[in-house]
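Residue numbers start from 1 in every chain, and the chains themselves are labelled A, B, ... in the order their sequence lines are given, proteins ahead of strands.
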Amino acid sequence: MSDDPHMGDPRPDVDPRVTSPTREGLAGTAPVSLYVRTRDQITIAPDFKPPEAQPAWRRDFPIDWPQDQYVERRDFMKFLVLTSFAFTTGQFWIAAQQWWQRRGEVPGERRIAAVGDLAVGGTVVFDYPGEHDPCVLVRMSADEYVAYSQKCTHLSCAVIPQPEEGVLHCPCHEGYFDLRSGRPIAGPPNRPLPRIHLDVRDGAIYATGVEWRTT
Amino acid sequence: MAKPDYLHFFIDPNRCIGCQACVQACTECDTHKGESMIHLEFVDREESVQTVPVICMHCEQPTCAEVCPADAIKRTADGVVQSARKPRCIACGNCVMACPFGVPEVHVPEQIMMKCDMCYDRASVGKKPMCAAVCPSQALFFGTREEIEQLRPMSAPINQFQFGAQTITTRVFVMTPRGLTARAPYLDVTAAMDERPHPRAVTLKMLPAGTAAGAPAGLSDGALDPFADVEV
C-alpha cells in the first residue's frame with residue numbers, strides 16, 4: 001500500500017466522529033448525541049390509521065411497554081376514591097347486617113337430646129339457632145354439658161370435639177379450643193367459639209340461647 | 001437500560017455459511033439459557049446449501065403482539081419486541097402462527113412462548129447479541145449504520161417487507177444489493193417465494209486450446225477467443 005491508505009478505495013470517508021479515539025460503546029460506536037431523534041411511542045397499527053381511528057381495545061391493551069405500564073394520575077385517583085368508597089360502604093353494610101340480625105334474634109328453645117342418649121364423653125351434633133348453624137354438644141361429666149357453635153372462628157371449618165384431651169380441634173389449620181370455656185388455645189383462631197346456653201330438665205337437654213363472644 | 005438508538009442489527013444472508021455458530025452461541029444467552037432462539041434455515045435444501053439465519057425482526061407493527069389474546073407480548077421503548085411475559089402467556093401458539101418470519105416458539109413443557117429478544121441483557125448495555133458476536137462471516141452484524149456502510153459498500157439495508165397485503169417495517173435490517181434497493185426499497189416476500197433462481201452464466205477465463213490440457217470439446221478448434229465466457 002502507498003502512503004495514502006484510501007487510494008483506490010471506493011468507500012466513502014468515515015465520519016470523524018465515528019472513528020474518533022473517544023468513540024463510545026463496546027461495538028466502536030458513535031456518541032449518542034449523533035443520533036438524536038424523537039421516537040413515537042405509539043404503536044403503528046397494521047392498518048396504518050392514526051390512534052384516534054383505532055378501536056378502543058387498542059388503548060386498553062397497548063403493545064408498547066411504556067404505555068402498558070403507564071397509569072394516569074386521574075385513573076389512579078379514581079381507583080383510590082372508588083376503592084375507599086367501596087370499603088366504607090362495605091363496613092356500613094356489615095354493621096347494618098349485624099344490627100338486623102341482632103334485632104330479629106329471638107332464638108327459641110330447642111330440644112337437643114335426651115339425657116340418656118349420650119354417655120359421659122359423648123357428643124351430639126345439632127343445628128341451633130337456625131337450620132344451618134351446626135353446633136356440637138359434649139357431655140363432660142355426669143351432670144355437666146357444654147355446647148358450642150361448630151364453626152371455627154378462624155375460617156369456619158367444622159371443629160371436632162376431643163373430650164379425652166379436653167379440646168376442640170379444627171383440622172383445617174390446626175386450631176385448638178378449650179373444651180370447658182371454648183376459648184382458643186392454639187393455632188390461628190383468635191376469638192372463642194359462640195357458646196350455646198343449655199337447660200337440662202325433665203331428662204332432656206334444651207338449647208336456650210347463643211352467647212356471641214369476641215374475647 | 002435500553003438498547004442504544006444508534007445500534008442496529010443487520011442481517012446479510014448472502015454471507016451466511018451455515019456454520020451453526022450463531023445457533024450454538026444463542027443457547028448461551030442468559031435470557032433463555034440452553035434454548036436456541038435463532039433459526040438457521042436452508043433456502044432450498046434440494047437445490048442449494050445456502051442457509052439464512054432468521055432472528056426476530058422486531059417489527060414496528062408486531063403481528064405476534066397483535067394476535068396475542070393474553071396481552072403477553074410487549075415491546076419496550078427501544079423497539080425490542082420481548083418474549084412473552086411469563087405470568088400472562090397461555091402458550092396458545094397464536095404468535096407462532098401469525099409471525100410472518102416464523103420466529104416465536106412455544107415451549108409446551110414450560111407453557112411459555114419464547115423468541116429472540118436481541119439478547120436483551122447484552123443489547124441493552126450496548127454489547128453485541130450473542131449471534132452477532134460469534135458470526136465468523138458477519139452475516140449477522142450489530143453496529144452503527146456508518147459501520148455497515150463502510151463494511152458493505154455494495155449493499156444497502158432495507159427494513160420493509162411485503163407479505164401479501166401486509167407491509168411490515170422492522171427494526172432489524174436486511175442487506176440487499178444496492179441495485180435492487182434502488183428499484184424497490186422493500187422485499188416482496190410472498191412474491192419471492194415462487195421465484196426460481198435464474199440460471200446464471202458463470203464466466204471462467206479459458207486459456208487457448210493448445211496450452212491447456214483437457215479443454216472441453218468444441219473449444220479445441222483454436223479459433224475461439226481465449227477469454228470467451230463458457231457456460232457451465
Under the salt bridge (charged side-chain N to carboxylate O under 4.0 Å, His left out) test, which residues partner B:Glu41, sequence neighbours left out?
none
Is the number of heavy atoms from other residues, nucleotides or ligands under 6.0 Å of A:Arg110 CZ greater than 12?
yes
Pairs involving residues 168-181 of chain A, ordered by first then second residue, that meet salt bridge (charged side-chain N to carboxylate O under 4.0 Å, His left out) (sequence neighbours left out):
A:Glu144-A:Arg180
For residues 60-96 of chain B, the ring-ring contact (aromatic ring centres under 6.0 Å, His included) pairs (sequence neighbours left out) are none
Trace of the side-chain contact (heavy atoms from CB on, under 4.5 Å) decision for B:Asp71 with A:Asp68
CA-CA 10 Å; B:Asp71 200 29; A:Asp68 194 42; 4.0 Å; yes
May I have the step-by-step check of side-chain contact (heavy atoms from CB on, under 4.5 Å) for A:Ile63 and B:Glu66, ending in yes or no?
CA-CA 8 Å; A:Ile63 286 165; B:Glu66 291 283 350; 3.5 Å; yes
Sorted by number, residues from residues 82-91 of chain B in contact with chain A (heavy atoms, under 4.5 Å)
B:Arg85, B:Arg88
Greatest number of heavy atom pairs closer than 4.5 Å to chain A - which of B:Ala65, B:Cys59, B:Ala165
B:Ala65
Hey, is OH on B:Tyr186 packed in by over 12 heavy atoms from elsewhere, all under 6.0 Å?
no
Is chain A contacted by the side chain of B:Thr167, its backbone, both, or neither, given a heavy-atom distance below 4.5 Å?
both
In this structure, are over 12 heavy atoms from other groups packed under 6.0 Å from B:Met97 atom CE?
no
More than 12 non-hydrogen atoms from neighbouring residues, nucleotides or ligands closer than 6.0 Å to CD on A:Gln91, yes or no?
no
